[in-house]
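Before any comments, here is the structure.
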Amino acid sequence: SDSDGFIPTLRNKKILIEITTVGQSQYAYFENVLDSFRDLCEAGAKVSLHITTTNCDPSPKEGDPECPLYGQTSVETLENNYSVEKIDQMNERMRCRDPDGSLEMTIRLISPEWGKQ
């Protein structure tokens with residue numbers, strides 16, 4: 001009978017996620033985390049994902065996070081680590097295929113000086 005069938009518990013549930021990253025030093029791990037958020041959507045949840053991140057500091061000080069993927073960053077713009085191509089790749093990776101689920105992703109780029117006050 002239908003009452004004995006599987007009932008997805010995340011169907012139409014709203015989930016808000018805020019995640020903070022610094023630079024690209026752990027991007028491979030970050031991609032795995034993003035996959036798990038997409039899985040929530042694939043289970044029918046309505047996911048709102050907000051990412052706050054920064055480029056690496058163009059003038060790092062001792063103890064600052066390193067930027068292994070980029071040798072230098074632009075002082076005038078925060079686009080180096082989140083190029084149009086990378087954002088396109090992330091959008092494709094995060095595409096939800098469940099008709100009931102949804103995934104809205106917002107990336108907020110901030111100055112590498114953020115948090116050093």
Side-chain angles (χ1 to χ4, degrees):
S1 83
D2 286 344
S3 63
D4 296 332
F6 174 74
I7 300 172
T9 58
L10 292 177
R11 180 94 34 222
N12 293 317
K13 300 291 186 206
K14 293 181 180 179
I15 300 173
L16 171 65
I17 300 166
E18 170 67 41
I19 189 166
T20 303
T21 67
V22 177
Q24 300 287 299
S25 61
Q26 296 184 355
Y27 190 76
Y29 169 74
F30 182 58
E31 286 183 309
N32 291 336
V33 172
L34 291 177
D35 288 344
S36 66
F37 298 150
R38 189 198 59 239
D39 291 345
L40 294 171
C41 174
E42 298 292 355
K46 307 212 179 290
V47 180
S48 180
L49 172 61
H50 300 264
I51 302 166
T52 301
T53 189
T54 178
N55 259 1
C56 294
D57 193 330
S59 305
K61 296 165 189 61
E62 187 173 336
D64 284 353
E66 294 182 16
C67 264
L69 296 182
Y70 294 94
Q72 56 182 322
T73 60
S74 171
V75 176
E76 296 83 24
T77 177
L78 294 174
E79 295 177 355
N80 282 355
N81 290 339
Y82 284 90
S83 63
V84 171
E85 293 80 14
K86 180 168 277 187
I87 291 173
D88 284 347
Q89 176 194 27
M90 288 178 69
N91 283 334
E92 182 60 30
R93 181 183 203 108
M94 300 303 288
R95 189 164 48 106
C96 182
R97 291 162 182 83
D98 186 291
D100 294 328
S102 64
L103 197 153
E104 172 191 305
M105 181 174 60
T106 303
I107 300 173
R108 181 174 164 231
L109 291 172
I110 58 175
S111 165
E113 293 300 313
W114 176 73
K116 292 183 181 180
Q117 297 82 6

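The figures that follow rest on heavy atoms only: side chains count, while hydrogens, waters and symmetry mates do not. Here, residue 1 is the first one in the sequence, and each next residue gets the next number. It should be emphasised that the depicted structure is a prediction, and the values quoted were computed from it without experimental measurement.
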(message) Under a 3.5 Å distance rule, please check whether R108 uses its side chain to pair with a backbone N or O of T106 as donor and acceptor.
(response) no
(message) Between E85 and M90, is there a side-chain heavy-atom distance shorter than 4.5 Å?
(response) no
(request) Please confirm whether the backbone N or O of C41 pairs with a side-chain atom of K46, one donor and one acceptor, at under 3.5 Å? (result) no
(request) Taking the side chain as every heavy atom from C-beta outward, state whether K13 and L40 have any pair of such atoms under 4.5 Å apart. (result) no
(request) Please name the pair of heavy atoms, one in N12 and one in D100, separated by the smallest distance, quoted to 0.1 Å. (result) OD1-O, 3.9 Å
(message) Any heavy-atom pair between the side chains of L49 and E18 that's under 4.5 Å?
(response) no
(request) For V33 and S36, work out which heavy atoms get closest and say how close. (result) O-OG, 2.6 Å
(message) Looking only at side-chain N and O atoms, does T52 offer a donor or acceptor that is under 3.5 Å from a partner on H50?
(response) no
(request) Sequence neighbours left out, what passes salt bridge (charged side-chain N to carboxylate O under 4.0 Å, His left out) with E104? Give chain and number order. (result) none
(message) How close do C96 and G101 get, counting heavy atoms only, and between which atoms?
(response) SG-C, 3.9 Å
(message) Quick one, I51 and L34 - any side-chain contact, counting heavy atoms below 4.5 Å?
(response) yes
(message) In the structure I gave you, are the side-chain heavy atoms of M105 and L103 within less than 4.5 Å of one another anywhere?
(response) yes
(message) Using the rule that Ile, Leu, Val, Met, Phe, Trp and Tyr join whenever any side-chain heavy atoms are under 4.5 Å apart, tell me whether I107 and L16 fall into a single cluster.
(response) no
(request) State, to 0.1 Å, how close I19 and F30 come at their nearest heavy-atom pair, and which atoms those are. (result) CD1-CE1, 3.9 Å
(request) Would you confirm whether R38, through its side chain, and R93, through its main-chain N or O, come within 3.5 Å as a donor-acceptor pair? (result) yes
(request) Locate the shortest heavy-atom distance separating R95 from E92; write the atom from each residue and the value. (result) NH2-OE2, 2.7 Å
